[in-house]
2 protein chains.
Amino acid sequence: MSRDSNRLCLCPMQGVIDTISKKWALLIIHVLGNKPRLRFNEIMKELEGISPKTLTDTLAVLQKEGFVGREAFSEIPPRVEYYLTDDGKELWDAILPLLEWTMKRENFSQDLCPSHCFKKPGHH
Amino acid sequence: MSRDSNRLCLCPMQGVIDTISKKWALLIIHVLGNKPRLRFNEIMKELEGISPKTLTDTLAVLQKEGFVGREAFSEIPPRVEYYLTDDGKELWDAILPLLEWTMKRENFSQDLCPSHCFKKPGHH
DNA sequence: CGGGATCCTAGGGGATACTG
DNA sequence: CAGTATCCCCTAGGATCCCG
């Protein structure tokens with residue numbers, strides 16, 4: 001389905017919209033995109049403001065959709081790591097233009113930024 | 001709160017997420033992106049399934065955000081046209097990668113597509 | 001034709017407390 | 001630590017009717 005096809009159908013888009021329209025989904029994707037792996041509470045910290053329930057729910061959806069992988073280690077205390085699957089990375093790539101445009105557009109000053117900021121390692 | 005120079009903050013993204021997370025917002029953007037101008041009921045038709053109220057509400061939000069323009073003609077019967085502003089076109093550009101990736105990924109067959117498909121005139 | 005005005009409902013998501 | 005388990009609220013959005 002190439003870009004120069006002159007027909008564009010929105011039907012398949014509905015699925016993605018359902019996914020990304022979850023309040024924190026894109027943020028989680030992006031946070032996970034910036035680090036190889038993150039633990040539950042690390043994500044919590046980055047996404048200052050999210051509740052554990054919501055994080056659990058959203059992660060579950062993202063796992064089911066195949067964007068996020070999960071690995072649990074049988075240790076005490078427990079350790080669970082989340083990471084982007086290849087599909088998740090592709091989604092991340094697909095939404096990066098949106099993020100970048102957003103930041104440019106809002107002319108966002110980093111001085112105004114509260115603690116929930118994120119690092120961006122050398123991606124492309 | 002700046003630890004690094006190449007920091008990426010998600011704060012500004014929240015605004016866009018609020019916008020695009022509306023169930024029909026991206027679809028409307030895209031529909032309007034594919035034609036210069038559309039009337040209310042034309043959008044309704046393209047977005048088979050949307051209710052007039054929801055369309056009204058979403059259009060109002062998109063207008064307030066500055067993505068969509070509206071022009072009303074004092075005629076009988078009334079005629080109102082909607083179109084993408086420059087900002088809206090930029091947003092459209094920013095989400096195109098997402099749409100294209102989606103379609104590629106879902107390997108969507110055009111034969112399966114019901115009537116709410118869209119033409120895409122030569123963009124770029 | 002292009003909506004406004006109402007009513008209504010599912011469920012997303014916050015807060016909080018608890019547990020293996 | 002990494003979640004469950006509740007409770008509860010709010011609002012997006014569908015249905016329906018009406019109007020200038």
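So you know, we letter chains A, B, ... as the sequences are listed, proteins then strands, and number each from 1. Any value given below was found using the heavy atoms of this structure, including those in side chains, with hydrogens, waters and symmetry copies removed.
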Looking at every strand, decide which applies to [X] at a 4.0 Å heavy-atom threshold: base, sugar-phosphate, or nothing.
X: A/Thr56; answer: base
X: A/Lys23; answer: sugar-phosphate
X: A/Tyr82; answer: sugar-phosphate

Between [X] and [N], does any side-chain N or O lie under 4.0 Å from OP1 or OP2?
X: A/Arg39; N: D/dC1; value: no
X: A/Arg79; N: D/dG3; value: no
X: B/Ser51; N: D/dA15; value: no

For [X] and [N], what is the distance between atoms [atom1] and [atom2] respectively, to the nearest whole Å?
X: A/Asp57; N: D/dG3; atom1: CG; atom2: C1'; result: 11 Å
X: B/Leu55; N: C/dG3; atom1: CG; atom2: P; result: 8 Å
X: B/Asp18; N: D/dG13; atom1: CG; atom2: P; result: 12 Å
X: A/Ile20; N: C/dG12; atom1: CD1; atom2: P; result: 16 Å
X: B/Leu47; N: D/dG14; atom1: CG; atom2: P; result: 11 Å
X: B/Leu59; N: D/dG13; atom1: CG; atom2: P; result: 13 Å
X: A/Lys53; N: D/dT6; atom1: NZ; atom2: C1'; result: 10 Å
X: B/Leu62; N: D/dA12; atom1: CG; atom2: P; result: 13 Å

Revision key, fill the gap. Winner on side-chain proximity to A/Arg70, out of D/dA2, D/dG3, C/dG12, is D/dG3
**Study point:** Nearest-neighbour nucleotide for the A/Pro52 side chain, D/dG14, C/dG20, C/dT16 considered
**Key:** C/dT16
May I have the list of side-chain donor-acceptor pairs in residues 77-84 of chain A shorter than 3.5 Å, sequence neighbours left out?
from	atom 1	to	atom 2	distance (Å)
A/Arg79	NE	A/Glu75	OE1	3.3
A/Arg79	NH1	A/Glu81	OE2	3.0
A/Arg79	NH2	A/Glu75	OE2	2.8
A/Glu81	OE1	A/Arg37	NH1	2.5
A/Tyr82	OH	A/Arg70	NH1	3.3

Check your understanding: Does A/Glu71 come within less than 4.0 Å of A/Arg39, counting only side-chain N to carboxylate O?
Key -> no
Check your understanding: Can B/Lys89 and B/Asp93 be counted as an ion pair, charged N to O under 4.0 angstrom?
Key -> no
Review point. Between CG of B/Leu27 and CD1 of B/Ile20, what distance do you get to the nearest 0.5 Å?
Key: 12.0 Å
Check your understanding: When rounded to the nearest 0.5 angstrom, what is the spacing between CH2 in A/Trp24 and CD1 in B/Ile17?
Key -> 8.5 Å
Study note, to complete from the structure: Assign each of B/Ser21 and A/Pro77 the nucleotide of DNA chain D bearing its closest heavy atom; nearer the 5' end lies the nucleotide of A/Pro77
